[in-house]
Amino acid sequence: MKYVLTGVLSVAALAWMASASSADTLSDVKAKGFLQCGVNTGLAGFSAPNDKGDWTGLDVDYCRALAAAIFGDGSKVKFTGLSAKDRFTALQSGEIDILSRNTTWTVNRDTALGLNFAGVTYYDGQGFMINSKKLPGVNSALQMSGAAICVQSGTTTGLKLADYFKANKMEYNPVVFDKFEEANAAYDAGRCDAYTTDQSGLYAVRLQMSSPEDHVVLPEIISKEPLGPAVRQGDDKWFDIAKWTYFALLNAEEAGITQANVEEMKNSPNPDIKRILGVEAETKIGTDLGLDNAWVVNIVKAVGNYGEIFDRNVGNGSPLKIARGINALWTKGGLQYGMPIR
């Protein structure tokens, strides 16, 4: 989800950056004994409490992986559900240690907001969803001239929507809501012909509709939305740990290291696998990060590799059943590429 920067927030971000130059988040996290992770209040597949009140989702599992890297225990994490408007302030103020909340990596956020993105855990793009029972025969967004479209306020989603319709010389009627839940309810009630947000969000929203099978996500992608976790600028050690946790998940998948076989794989003669799993003679990779040399082993034991996280939360093992597509590994035609652990 993409949100417009306000002048007040920009000033606050710059002021916070100035005060954070000597930050040591890792020491703070270790001292309190848990990681505080900011997530969405409820987006199926990415971060939402289940019927037992336990947080689940791709963004949630990334935080569990980070906790496992630090503590050797993926359960040593607490989650803070954040609205779109509150998420950046929560990170800048130190209320949370990391933001893992379907947030798009942009130049504005890298600079004016003072964030560092650890990677792209999900490559996404803005799309459209319609009720096929109410709009039979519509199979493209280019057929929606004159349509009423539900969109959340305060987001660049609305700007991209306007640009798309203008570029294609079409008219439309935006139906704007402050809250995600309000937009969902209005669309389900038929107040809009279509709904627009990140395509992954559309798959999640569809599950919440009264008749999910009636709703179709159209093929058009009208923007680039690289989603990933972010940390505050001014703490390179913490930034390193955040991004190498992400790379570890990818490298584990590429090497065939899974939650089920990680202990067995420690006996592999493959030098790359031995290095990844911290059993290479005299390795210092983990300790150089400020972690244990078994940091990758601990990550995989806690949550599995990236492919396992993707499958159970948003892929074929989940209700969303989103294809890997461009989120496949680079070796399988996708964009996911883990920097080498060596």
Side-chain angles (χ1 to χ4, degrees), residues 1-17 19-20 36-49 55 57-60 62-63 78-118 121-122 124-127 149-163 174-187 191-192 195-202 204-205 208 223-233:
M1 305 285 283
K2 303 81 59 188
Y3 290 80
V4 178
L5 173 68
T6 66
V8 172
L9 189 54
S10 178
V11 172
L14 293 173
W16 194 93
M17 286 165 59
S19 67
Q36 194 74 48
C37 178
V39 294
N40 198 306
T41 54
L43 182 63
F46 290 86
S47 56
W55 286 93
L58 189 149
D59 291 337
V60 167
Y62 167 80
C63 287
K78 295 183 180 181
F79 298 98
T80 300
L82 296 168
S83 70
K85 292 180 180 179
D86 294 337
R87 56 183 167 169
F88 299 128
T89 304
L91 181 59
Q92 291 157 350
S93 68
E95 178 185 344
I96 58 174
D97 303 310
I98 190 162
L99 178 66
S100 185
R101 187 199 181 281
N102 56 296
T103 298
T104 302
W105 186 348
T106 69
V107 65
N108 180 271
R109 291 167 179 175
D110 245 3
T111 55
L113 278 183
L115 307 185
N116 278 331
F117 283 82
T121 51
Y122 191 93
D124 208 349
Q126 185 176 334
I149 301 179
C150 279
V151 62
Q152 196 174 352
S153 65
T155 75
T156 57
T157 305
L159 301 177
K160 287 290 184 182
L161 174 64
D163 288 346
V175 184
V176 183
F177 299 91
D178 288 335
K179 297 182 179 179
F180 184 63
E181 295 80 6
E182 293 173 344
N184 294 355
Y187 170 72
R191 291 179 58 186
C192 317
Y195 192 120
T196 187
T197 188
D198 293 346
Q199 195 175 69
S200 61
L202 294 175
V205 168
Q208 300 173 18
S223 69
K224 293 187 293 184
E225 307 300 339
L227 310 179
V231 297
R232 297 177 288 273
Q233 289 183 7

Is the closest side-chain heavy-atom distance between T103 and R109 below 4.5 Å? yes
Is there a side-chain contact between I98 and C37 (heavy atoms, below 4.5 Å)? yes
So which heavy atom on [X] is nearest to which on [Y], and how close?
X: V175; Y: C192; result: CB-SG, 3.8 Å
X: E182; Y: D178; result: OE1-N, 3.5 Å
X: G228; Y: T121; result: CA-OG1, 3.6 Å
X: L202; Y: G127; result: CD1-C, 3.4 Å
X: T196; Y: Q126; result: OG1-NE2, 3.0 Å

Could you state the interatomic distance from [atom1] ([X]) to [atom2] ([Y]), rounded to the nearest 0.5 Å?
X: T104; Y: F117; atom1: OG1; atom2: CZ; result: 7.5 Å
X: F79; Y: I96; atom1: CZ; atom2: CD1; result: 11.5 Å
X: Q92; Y: L99; atom1: CD; atom2: CG; result: 10.0 Å
X: N102; Y: E225; atom1: CG; atom2: CD; result: 10.5 Å
X: D59; Y: R101; atom1: CG; atom2: CZ; result: 9.0 Å
X: L115; Y: Q233; atom1: CG; atom2: CD; result: 7.0 Å

Those residues that, when tested against [X], pass side-chain hydrogen bond (donor to acceptor under 3.5 Å, both in side chains) (two or more places apart):
X: S100; answer: none
X: S200; answer: D124
X: T41; answer: none
X: W55; answer: none

For D97, which residues count as a salt bridge (Lys or Arg N to Asp or Glu O under 4.0 Å) partner, sequence neighbours excluded? K32
What residues form a ring-ring contact (aromatic ring centres under 6.0 Å, His included) with F46, not counting sequence neighbours? Y122
Side-chain H-bond candidate by donor/acceptor type, Q152 with T157, under 3.5 Å: no
May I ask you to decide if A185's main-chain N or O and Q208's side chain share a donor-acceptor pair within less than 3.5 Å? no
Got a sec, which residues hit side-chain contact (heavy atoms from CB on, under 4.5 Å) with A183, two or more places apart in sequence or on another chain? F177, Y195
side-chain contact (heavy atoms from CB on, under 4.5 Å) involving D163 - partner list, sequence neighbours excluded: none
